[in-house]
A.B. asks: 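Just dropping this structure here.
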Amino acid sequence: MKKNIQPILSVLTLLYFSTLVFLSYKNIKLNNFLDAIFELITIPFILLTIVLLVINFKKWSLEKWSLGTKSFLSILFLISSITLMVFATIYDI
């Protein structure tokens, strides 16, 4: 199970940021409790994304930069979530 946690967390961060962008784009208003929960866990998710990216790059370098590894897949998900955050910020979604 320990080997599968990094790709799962990477997908989770992508889903979380996709949900935030979707809610913002569609102007869906949540109740105050859910807004507070989303606000409280956004910063830890950003930090988790950065930490996972560093860990997976280290792990991928130890695996001799092979494209068929779980580390590479995790890096793709993490770069996708970072790109989504950047585009959401630039285009003010």
Side-chain angles (χ1 to χ4, degrees):
M1 179 65 185
K2 187 176 179 182
K3 292 183 179 183
N4 293 333
I5 195 74
Q6 290 173 354
I8 291 170
L9 288 175
S10 300
V11 169
L12 186 65
T13 59
L14 181 61
L15 287 175
Y16 177 73
F17 290 120
S18 299
T19 303
L20 285 181
V21 169
F22 176 76
L23 291 174
S24 177
Y25 180 72
K26 292 293 185 178
N27 290 327
I28 298 174
K29 302 295 182 200
L30 302 173
N31 60 15
N32 291 337
F33 178 73
L34 288 177
D35 278 341
I37 295 297
F38 276 125
E39 290 291 328
L40 285 174
I41 61 175
T42 297
I43 301 279
F45 263 91
I46 292 171
L47 294 175
L48 176 69
T49 303
I50 294 168
V51 168
L52 280 175
L53 193 63
V54 169
I55 289 171
N56 282 314
F57 262 118
K58 281 184 173 180
K59 192 174 176 184
W60 192 37
S61 70
L62 293 175
E63 294 169 346
K64 303 204 191 265
W65 310 104
S66 176
L67 297 179
T69 61
K70 290 181 182 177
S71 298
F72 179 70
L73 184 64
S74 296
I75 289 170
L76 288 179
F77 286 129
L78 292 168
I79 289 175
S80 299
S81 64
I82 291 171
T83 305
L84 180 67
M85 286 188 284
V86 168
F87 283 140
T89 303
I90 290 173
Y91 294 114
D92 199 25
I93 296 175

A.B. asks: Is there side-chain contact between Ile75 and Phe57, with heavy atoms separated by less than 4.5 Å?
C.D. replies: yes

A.B. asks: Does the side chain of Asn4 reach to within under 4.5 Å of the side chain of Lys70, using non-hydrogen atoms?
C.D. replies: yes

A.B. asks: Rounded to the nearest 0.5 Å, what separation is found between the CG atom of Leu23 and the OG atom of Ser18?
C.D. replies: 10.5 Å

A.B. asks: Is a donor on one side and an acceptor on the other found under 3.5 Å between the side chain of Ser66 and the backbone of Glu63?
C.D. replies: no

A.B. asks: First locate atom CG of Leu20, then atom OG of Ser81, and finally report the distance between them rounded to the nearest 0.5 Å.
C.D. replies: 11.5 Å

A.B. asks: So do the side chains of Met85 and Ile46 get within less than 4.5 Å of each other, counting heavy atoms only?
C.D. replies: yes

A.B. asks: Taking side chain as C-beta onward, heavy atoms only, is Ser10 less than 4.5 Å from Asn56?
C.D. replies: yes

A.B. asks: For the atom pair CG (Leu62) and OG1 (Thr69), what is the distance rounded to the nearest 0.5 Å?
C.D. replies: 11.0 Å

A.B. asks: Do Leu9 and Leu53 sit in one hydrophobic cluster, given that two such residues count as connected whenever their side-chain heavy atoms are within less than 4.5 Å of each other, even indirectly?
C.D. replies: yes

A.B. asks: Same cluster or not: are Leu48 and Val51 linked, directly or through other Ile, Leu, Val, Met, Phe, Trp or Tyr residues, by side-chain heavy atoms under 4.5 angstrom apart?
C.D. replies: no

A.B. asks: Indicate, with yes or no, if Ile5 and Phe77 share a hydrophobic cluster defined by side-chain heavy-atom contacts under 4.5 Å among Ile, Leu, Val, Met, Phe, Trp and Tyr.
C.D. replies: no

A.B. asks: Could you walk me through whether Ser74 and Gln6 pass the side-chain hydrogen bond (donor to acceptor under 3.5 Å, both in side chains) test, one step at a time?
C.D. replies: CA-CA 7 Å; Ser74 296; Gln6 290 173 354; 5.5 Å; no

A.B. asks: Measure the CG-CG distance between Asn31 and Leu34 for me, rounded to the nearest 0.5 Å.
C.D. replies: 4.5 Å

A.B. asks: Write down the atom of Asp35, the atom of Leu30, and the distance for their closest heavy-atom approach.
C.D. replies: OD2-O, 3.5 Å

A.B. asks: With a 4.5 Å cut-off on side-chain heavy atoms, are Thr49 and Phe17 touching?
C.D. replies: yes

A.B. asks: Are side-chain heavy atoms of Ile82 and Ile50 found at a separation under 4.5 Å?
C.D. replies: no

A.B. asks: Let me know which of Ile8, Leu14, Leu15 forms a side-chain contact (heavy atoms from CB on, under 4.5 Å) with Val11.
C.D. replies: Leu15

A.B. asks: Is there a side-chain contact between Tyr16 and Leu12 in this structure, where contact means two heavy atoms from C-beta onward sitting under 4.5 Å apart?
C.D. replies: no

A.B. asks: Do the ring planes of Trp65 and Trp60 sit parallel (below 30°), tilted (30 to 60°) or perpendicular (above 60°)?
C.D. replies: perpendicular

A.B. asks: To the nearest 0.5 Å, what is the distance between CG (Leu47) and OG1 (Thr42)?
C.D. replies: 11.0 Å

A.B. asks: Once you round to the nearest 0.5 Å, how far does CG of Leu52 lie from CZ of Phe45?
C.D. replies: 10.0 Å

A.B. asks: Are Val86 and Thr89 side-chain neighbours, meaning at least one heavy-atom pair lies under 4.5 Å?
C.D. replies: no

A.B. asks: Would you say Ile28 ends up clustered with Val21 if hydrophobic residues are merged whenever their side chains have heavy atoms under 4.5 Å apart, either directly or through other cluster members?
C.D. replies: yes

